[in-house]
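Step one of this worksheet: look at the structure below.
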Amino acid sequence: MFTRRSLAALASAAIISLASALPALANPVVIKFSHVVAPDTPKGKGALKFKELAEQYTNGAVLVEVYPNSQLYKDKEELEALQLGAVQMLAPSLAKFGPLGVQQFELFDLPYLMSNYDDLRKITDGEVGQHLLGLLDSKGIKGLAYWDNGFKLMSANSPIASPDDFLGLKMRIQSSKIIEGQMLALDAVPQVLPFSEVYQALQTGVVDGTENPPSNMFTQKMHEVQKHATLTNHGYLGYAVIVNKGFWDALDPEIRTHIDRAMDESTTYANSIAREENEWAMAEMVKTGATKFHELSDEERAEWIERLRPLHEKMSSRIGADLVKQAHSVLGIQ
Ligand code: LMR
């Protein structure tokens, strides 16, 4: 039974808790997080996990608005928007930092550099990965984390088991010069296109093929417009989660601590689901039967490596010879 006094105490406690919640709700810090992939991808799910945790840990003082599927900006525009402060957070693919003047991230695009997620962790969690994130500071950007997607396959409308099968094929690529070099090494014709335009470009024959991890291929329905794919695993596609540095530095330190925690935990989450998301996407595409998937034999794989590995040496000056050397040493590549 409530006494009048306990009711009064309850009422004032309610008012106090409402008062402490109100300023946060009335005027939350808004983080616009823009990205170009579907919500049901490793990056899409990571962004939603970050939203959930950041809002929870700051008790609503931070509001995260996630804009997937290039809804707000396409590839190149989103980086400009971040620098201008029109959005606060992005997770662009590591292959898209060249136009920003931080082409060292294209290290991740060297074909047959990393064979699996363990190799990847040695780079992202080690000195090389941290050095790369630090390079963003001078561009007014703060690098917060690496989020995984997966290893790429090649797709086209003609059989492409061998590197020789790419002669003259128009291949959509991300903006990386290393990927451009890779397609040229295959005698293909590389064409940079924003991610949002790939499906239509494949459908209308503007390009013949592309490369992507299964998760991106499936969620953008590229398998519907690609008759053949080869599981080359020739390269990696993943992300750096970045924020506008001015915005980040101006945040209340306590709020920043909560956001850091939300970022750490959503990074662990995103990286824990990437492999299975890609396996699931692959299985779904196989089920539809629209694309014929080719697995490389050992001899075929050797042929691919022989054709593409020389790019490490040939293009090392773009990334920095020392950085390539350091990555080789971490990964035990001779
Ligand atoms: C692409 O453009 O192919 C990818 O970078 C898209 C993405 O963000 O995964």
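Reckoned from all heavy atoms, side chains included, excluding hydrogens, waters and symmetry mates.
Under 3.5 Å, the side chains of Tyr73 and Glu80 contain no donor-acceptor pair of N or O atoms. Using a 3.5 Å distance cut-off with no hydrogens or angles, the side chains of Tyr117 and Asp148 do not pair a donor with an acceptor. Defined by atom type and a distance below 3.5 Å, a donor-acceptor pair is missing between the side-chain atoms of Glu211 and Ser155.
For the atom pair CG (Leu107) and CZ (Phe105), the distance works out to 10.0 Å, reported to the nearest 0.5 Å. Interatomic distance, CD of Gln88 versus NZ of Lys32, reported as 7.0 Å (0.5 Å rounding). Residue Leu79 holds its CG atom at 14.5 Å from NZ of Lys74, rounded to the nearest 0.5 Å. Taking CD1 from Ile242 and CG from Leu100, the interatomic distance works out to 7.0 Å, rounded to the nearest 0.5 Å. Put simply, NE2 on His234 and NZ on Lys152 are 4.5 Å apart, with the number rounded to the nearest 0.5 Å.
Between His294 and His228, the ring centre distance reaches or exceeds 6.0 Å.
Nearest heavy-atom pair, Pro190 versus Met183, reported as atom, atom and distance to 0.1 Å: CB-CB, 3.8 Å. The minimum heavy-atom distance between Lys49 and Ser266, with the atom names listed, is CG-CB, 3.8 Å.
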Exercise. Can you list the steps and then say if Arg307 with Asp164 is a salt bridge (charged side-chain N to carboxylate O under 4.0 Å, His left out)?
Worked result: CA-CA 10 Å; Arg307 178 75 77 101; Asp164 293 337; 2.4 Å; yes
Exercise. Does the salt bridge (charged side-chain N to carboxylate O under 4.0 Å, His left out) test come out yes or no for Glu224 and Lys221, once each step is laid out?
Worked result: CA-CA 6 Å; Glu224 289 177 358; Lys221 300 184 168 38; 5.2 Å; no
For this session: Evaluate ring-ring contact (aromatic ring centres under 6.0 Å, His included) for Tyr67 paired with His35, printing each intermediate quantity in order.
Result: CA-CA 6 Å; Tyr67 298 93; His35 68 80; 9.6 Å; no
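Atom CZ of Arg256 has more than 12 heavy atoms from other residues, nucleotides or ligands within 6.0 Å.
Counting heavy atoms from C-beta outward, Met89 and Leu144 have side chains that approach closer than 4.5 Å.
Judged purely by atom type and a 3.5 angstrom limit, Thr58 uses its side chain to pair as donor or acceptor with the backbone of Val62.
A salt bridge links Lys45 to Glu277: one of the charged nitrogens lies within less than 4.0 Å of a carboxylate oxygen.
With Tyr112 as the aromatic partner, Arg309 does not meet the cation-pi criteria of under 6.0 angstrom to the ring centre and within 45 degrees of the ring axis.
In this structure, Tyr236 and Phe108 have tilted ring planes: the angle between them lies in the 30° to 60° band.
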